[in-house]
Amino acid sequence: MQIVRGVRRRARRAAGRLRRVWRRSLQLRVVTSTLVISVAVVAVLGVTLMQQFTKTVVEGRTNAALTEAISDRASIVGQLNQPPGEVSKPSTTGLGDPAPSAGDSSLDRAAIAMANRAGEASRYTVIIKNEAIPGEYRATNEIDPRSITADLQQKVRDGRLNDTQSRTGELYYFGKAQPEPGIAIGVKVENGYEIYHFFPLTEEENLLWSVRQTLVGVGVGLVVLLAAIASLVTRQVVTPVRLARQAAERLAAGQLEERLKVRGEDDLARLATSFNEMAANLALKIHQLEELSQVQRQFVSDVSHELRTPLTTVRMAADLLYEARADFDAAASRSAELMQAQLERFESMLTDLLEISRYDAGAATLDVDSVDMRDVVLRAVADSEALGEKQGARFALRLPSEPCMAEVDSRRVERILRNLLFNAIEHGEGKEIVVTVGADRDAVAVAVRDHGVGLRAGEENLVFDRFWRADPSRARTIGGTGLGLAISREDATLHGGWLQAWGVPGEGTQFRLSLPRVAGAELKGSPLSLVPPEIEMRRTWRAHITPVLSPATGERVLDVTREGGSA
Amino acid sequence: MRPHRVGAAGLALALVWAGASCAVIPTGGPPVSYEEQVQGDPLRKPYVRVVATEPRSEWTPQQVVSGFLNAMASLDDPGWKIARKYLTAEAARGWRPQVGVTVYDKGQIVKVPLPPDDAMETEVTLKGAVTGSIDGEGKYRARSRPGGESNLQSFPLIKTPQGWRITEVLNVLLLTEADIRRSYRPVKLYYLDHLQKGLVVDEVRIPVDPAQDFAESMVRRLLDGPTGTLKDAVSNALPAGTELRRVFTEDDKIIVDLNEAAANAISSGARGGAVDAMAAQIGWTLNQLTERWEVEVRVNGEPFYPDGSALRVGFDR
């Protein structure tokens, strides 16, 4: 059983390999189709030729045989009508040709005349018979009466007098086990006699056989030649195409200086020229874009830096005003408070901009240290608790009992968690916020779940875009910069981890951060599921009970405008 | 790819056309001299056979007897299976026609009125003059004083559901002179005289068997040895146990292929005399078929002598 399975698996694998080779090789396909077509053409041609040739040869022989048989018939009829005992020719030779003598019946004489006419070479044999008279049945040489087929006999009997019937078929001879091809010609003459002539077609068969051998040889040679030509010509076309493909692959891999060799002026040379032009233009454009983005990044970085100095001065002045606000009238005092708050926000935004421009410049580095993820989570939650209380949000922590050690940059991870918590507080509508920590052998994960309005389909990735918001008209309530999630994702990526979002309108949002335990290791999976377990359970349960109501579409129909999107 | 395929098809057509043009018979060219060869195959002389027909239920007693006489003359089936169908089952079992042949001439079935429809048995008489006989060894003995026409044999017949059948028949073949001329060829077999110096003729009649060449029949009969009349006076140089494998023609030669026992002739006799005698016997016997062909004796398809040289019996051509 196992052997059978193994064989089947191996056969399947071989078939798969074959199919892959077939699909990948243009040359193989062209050669195969050329082979198939040329085999068909050669076969049709050969069969037609052979049929024509056979027909001509057999027809020619049949016509000659018919002429001979008809001339024999007259002589036999003459002999049969002659009364016996009127032959004057004496018997001379003892063992030579049979000679008629006086005592022979007319039938014997006719048969002897036929035997002698056919000659020593035995060109043909004759049977004369009369079923109405007992014993009137003569054959010459070795011809076996089985050679008279039933249909020929029937046709001769039913036919008119002297109506010659011929038929190609098998002739049987005494002393030969196998029948030979030949022509049988039958005719009915007076007094109920039937005359059958048998002409062997052995020579014609040999001729046709040798012709067929030649035709088969030529056909096979032709097909092989055609396949070789097809292979050669395809090679000439396929080789440059293959080179172009390799060049395109290298180009796609980023080697923008890749170029093709141009040889001659044919179609393929023109293809190579166009390819090279395309590559050059592409390289130029990419270079320009790179420069442009470099300039932009530099600009952002410079602007942020330049803004810092005047901001510090403004901040100091604003601080003075803010501290002295008790002396102002109500309106001026309110203005000083507002200015203070907005300046704080401006400052943090500037910090974020600087941070992100550092990422863009590729200047961000990790300061890896082995820490317990539970401590990191607890610190971040403690930092956010004040804000949470202000918004009326409660935190629920689900931490594992044993330590979750991981090699991470705790400052950055803390920032990610702070951003996630901040985001959850902002969109959680004062409901419970669940923070879960999970770990397995290779990875640790933190999930932050709120029960706010959730995310619409397709927004799971948009939330990480810079300055993205679900509803552009809505103002940021608690002063997020719009860059927090973008920075968080950059931080996660820097760790070789993932930061992903899940959200359903009305159900809330969950962000999951997954990090490898060892710095630099590749992350293969996360210990926590992206979709909260209770939602997953309900979904399968609902799908199980009423499979008609698709939960996904139902949730989309229930969609209410979600306000806000990112921190 | 397209132009290439069209080109290939054109190439194929050109090849076929070239091949076709080769097959046309050339109409020019110088005259070519022709070297005359021996015409025909002496082993395949034309001859005529009687084919036995099975009796029919509607035949009269006379027709049944006439058919039986013809069936006896047929050599197509060695066991006379068809001839036996003319006999009742009992008579067919006991019939031993191999004993000999009685030759008669001017045979005639005595015409008697047809028996009435309800007759269950009748008798048909064959009249004729006995001219000779052939014994089991093939020796033909002519009746020294030809007798007049007399009743040769009476065939008692009974009516069976299949038609009339002969109930009693002699253990001998009744053949006419014409049958003998047609089917029993006189052949001279050559044997050594008692001095081992010359050849003696032993003339026999050999039936023409369509299943084998007549030359093979001749050599087989030669191997069987001389007839009783000459048995004590002549000797056979062909070693005992020799059998014929085949007789055929090759390059204007008649090849007689014997089995390995023929090679014993080399060691027997004085100074290879036995080999010469054996070759002479075969050569002279086959010489009756053709006077122009050479005869070669082989052993199991190989040349006769162990050193590879052939044993040939030549005739002046």
Side-chain angles (χ1 to χ4, degrees), chain A residues 30 33-34 37-38 41-42 45-46 49 53 91 94-99 101 103-105 108 111-112 114-122 125-127 129 131 133-145 173-176 211 214-215 218-219 221-222 225-226 229-230 233-234 237, chain B residues 1 3-5 7-9 11-13 15-16 19-20 23 39-53 55-56 59-60 62-71 73-74 76 105-106 176-179 181-182 185-188 209-214 216 218 288-290:
Chain A
V30 169
S33 49
T34 311
I37 292 169
S38 53
V41 167
V42 166
L45 216 65
L49 266 177
F53 202 71
S91 170
L95 274 182
D97 298 344
S101 67
D104 288 341
S105 67
D108 268 330
I112 288 167
M114 282 310 106
N116 286 336
R117 190 180 281 203
E120 287 192 352
S122 295
T125 47
V126 181
I127 286 181
K129 66 174 183 174
E131 304 233 327
I133 308 171
E136 292 291 272
Y137 200 146
R138 297 287 183 276
T140 70
N141 296 6
E142 291 90 17
I143 188 72
D144 189 326
Y173 293 95
F174 281 107
K176 280 181 191 166
V211 167
T214 316
L215 268 181
V218 167
L222 204 65
L225 193 74
L226 282 177
I229 291 170
V233 173
T234 326
V237 176
Chain B
M1 277 329 91
H4 151 59
R5 264 192 213 148
L11 184 68
L13 275 176
L15 273 175
V16 167
Q39 292 291 307
D41 185 345
L43 300 188
R44 307 179 68 83
K45 291 255 194 262
Y47 60 91
V48 172
R49 301 179 352 247
V50 170
V51 181
T53 41
R56 295 193 181 190
W59 280 358
T60 64
Q62 277 92 345
Q63 280 178 314
V64 169
V65 170
S66 162
F68 177 60
L69 292 175
N70 260 285
S74 167
D76 286 3
D105 200 9
K106 304 191 181 75
T176 63
E177 290 268 314
D179 291 334
R181 264 200 305 280
R182 189 194 310 110
R185 292 193 191 157
V187 170
K188 295 187 181 96
D209 183 358
Q212 57 181 334
D213 281 342
F214 192 65
E216 289 185 5
M218 285 166 78
Q288 297 164 87
L289 284 177
T290 167

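All values below come from the heavy atoms of this structure, side chains included, with hydrogens, waters and symmetry mates left out. Small disclaimer: the values here were computed from a predicted structure and weren't measured. The sequence lines fix the lettering, A, B, ..., with proteins before strands; numbering per chain opens at 1.
- B:R49 contributes no side-chain N or O that, together with a main-chain N or O of A:R138, makes up a donor-acceptor pair within less than 3.5 Å.
- Rounded to the nearest 0.5 angstrom, B:Y47 OH and A:T140 OG1 are separated by 8.5 Å.
- Across all non-hydrogen atoms, the minimal contact from A:P145 to B:V51 is CG-CG1, 3.6 Å.
- With rounding to the nearest 0.5 angstrom, the CD1 atom of A:I112 is 7.5 Å from the CZ atom of B:R182.
- Heavy-atom minimum distance, B:S66 versus A:P134: OG-O, 3.8 Å.
- Interface residue A:L225: only side-chain heavy atoms are found under 4.5 Å from chain B.
- For B:Q63, the parts sitting under 4.5 Å from any heavy atom of chain A are the backbone and the side chain alike.
- The shortest non-hydrogen separation linking A:D108 to B:A178 is OD2-CB, 4.4 Å.
- Across all non-hydrogen atoms, the minimal contact from A:A115 to B:P46 is O-CB, 3.2 Å.
- In this structure, B:T53 OG1 and A:I133 CD1 are separated by 11.0 Å, a value rounded to the nearest 0.5 Å.
- Residue contact with chain B, scored on non-hydrogen atoms closer than 4.5 Å, is absent for A:I127.
- For the atom pair CZ (A:F174) and CG (B:D76), the distance works out to 4.0 Å, reported to the nearest 0.5 Å.
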